[in-house]
Amino acid sequence: MQFAELKWNNQQPYSLDFDDVYYSVDNGLAETDHVFIHHNQLIERFKQLVTLASGSPTFTIIETGFGTGLNFFCAVQHFLAHAPANASLQFISTECAPLTLADFTKANQHWLVFNKMVSELANTYSQLTDGLNKLSCCDGRIKLDLWIGDINQTFPQIQTAADAWFLDGFAPSKNGDMWSENLFQEIARLSQTNTTFSTFTSAGQVKRNLQAAGFKVSKVKGFGRKREMLSGAYL
Ligand SMILES: C[S@@+](CC[C@H](N)C(=O)[O-])C[C@H]1O[C@@H](n2cnc3c(N)ncnc32)[C@H](O)[C@@H]1O
């Protein structure tokens, strides 16, 4: 397995492999809240989860690019705060170059609010192997399927549809594999009517690929210095 090559700027990770930041250097947590939590309407949707005749409700988020896990931890924190106690969260993510355990721990030390979850996951995170890794925390209410490998190889193996997508590769100009037309066909295969998505980028090619794959796409206000971003739903 190939680990991510990083440098650190003010305790924030920077990818030497892709020459890009993992998240906004101004405030990564606030960016995740704005781009991924707010624009997938997650707090409202978590509150509305209701017990089904078939059993406890599960909400599924699929992410492109696990990185430091910031988006995962942030989604979990909101889920625990707002979803009914019998509901569970299935978070599926994929990563071609995971952070080493030391880098994963260092990156997340920055966010004190996640420290307990990070320690809970550290043991299984340290044993990641290529392919599917099944992690869980918070008394089994949170399940993390972390696929290690190139997204174009791992995504075709996923069989669970998403309720919401976090589209979070590096910038499209630096990370073409994460934003290809083929990948959006996979994203469509794993979507159902009203599956939502959001992404920090407003690149025209990403917008067109999402539309061609069957999504209604809106340009909305981006986080901080980013003027625009994309969000929407599968029709
Ligand atoms: C912007 S970062 C993700 C940030 C992350 N969501 C977080 O919360 O920290 C993009 C991630 O996508 C991963 N990535 C890039 N190309 C990939 C590919 N072809 N397959 C799988 N992962 C890839 C990178 O290694 C990086 O960790």
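All ligand and atom numbering here is 1-based and tracks the order in the structure.
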For ligand 1, is [X] a contact, meaning one of its heavy atoms is under 4.0 Å away?
{"X": "Ala4", "result": "no"}
{"X": "Phe18", "result": "yes"}
{"X": "Pro13", "result": "no"}

Which residue and atom name correspond to the protein heavy atom nearest [atom], and how close is it?
{"atom": "atom 8 (O) of ligand 1", "result": "Asn71 N, 3.0 Å"}
{"atom": "atom 9 (O) of ligand 1", "result": "Thr68 OG1, 2.6 Å"}
{"atom": "atom 24 (C) of ligand 1", "result": "Glu95 OE2, 3.3 Å"}
{"atom": "atom 15 (C) of ligand 1", "result": "Asn175 OD1, 3.3 Å"}
{"atom": "atom 17 (C) of ligand 1", "result": "Cys96 SG, 3.4 Å"}
{"atom": "atom 7 (C) of ligand 1", "result": "Phe66 O, 3.4 Å"}
{"atom": "atom 4 (C) of ligand 1", "result": "Asp168 OD2, 3.3 Å"}
{"atom": "atom 19 (N) of ligand 1", "result": "Asp150 OD2, 3.3 Å"}

Test item: side-chain donor near acceptor, Tyr14 and Asp19, under 3.5 Å: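 Present: a donor and an acceptor within the cut-off.
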
Short side-chain donor-acceptor distance under 3.5 Å, Ser191 and Trp165: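 Yes, because at least one side-chain N or O of Trp165 sits under 3.5 Å from a partner of the opposite role on Ser191.
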
Partners meeting salt bridge (Lys or Arg N to Asp or Glu O under 4.0 Å) with Arg189 (sequence neighbours left out):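 Salt bridge (Lys or Arg N to Asp or Glu O under 4.0 Å) check on Arg189 returns Glu186.
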
Nitrogen or oxygen atoms of [X] and ligand 1 under 3.5 Å apart:
{"X": "Gly65", "result": "yes"}
{"X": "Tyr22", "result": "no"}
{"X": "Val21", "result": "no"}
{"X": "Ile151", "result": "yes"}

Mark yes when over 12 heavy atoms from residues, nucleotides or ligands other than [X] sit less than 6.0 Å from its [atom1]; otherwise mark no.
{"X": "Asp139", "atom1": "CG", "result": "no"}
{"X": "Glu181", "atom1": "CD", "result": "no"}
{"X": "Asn10", "atom1": "CG", "result": "no"}
{"X": "Lys174", "atom1": "NZ", "result": "yes"}

Which atoms from ligand 1 have a heavy atom of [X] less than 4.0 Å away?
{"X": "Leu70", "value": "7 (C), 8 (O), 9 (O)"}
{"X": "Glu63", "value": "6 (N)"}
{"X": "Gly149", "value": "20 (N), 21 (C)"}

Parallel, tilted or perpendicular: rings of Phe223 and His34 (30°, 60°):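 Ring orientation of His34 relative to Phe223: tilted.
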
Asp177 contact mode with ligand 1 (heavy-atom cut-off under 4.0 Å): side chain

Smallest separation among heavy atoms of Asn40 and Arg45, with atom names: O-NH1, 3.0 Å

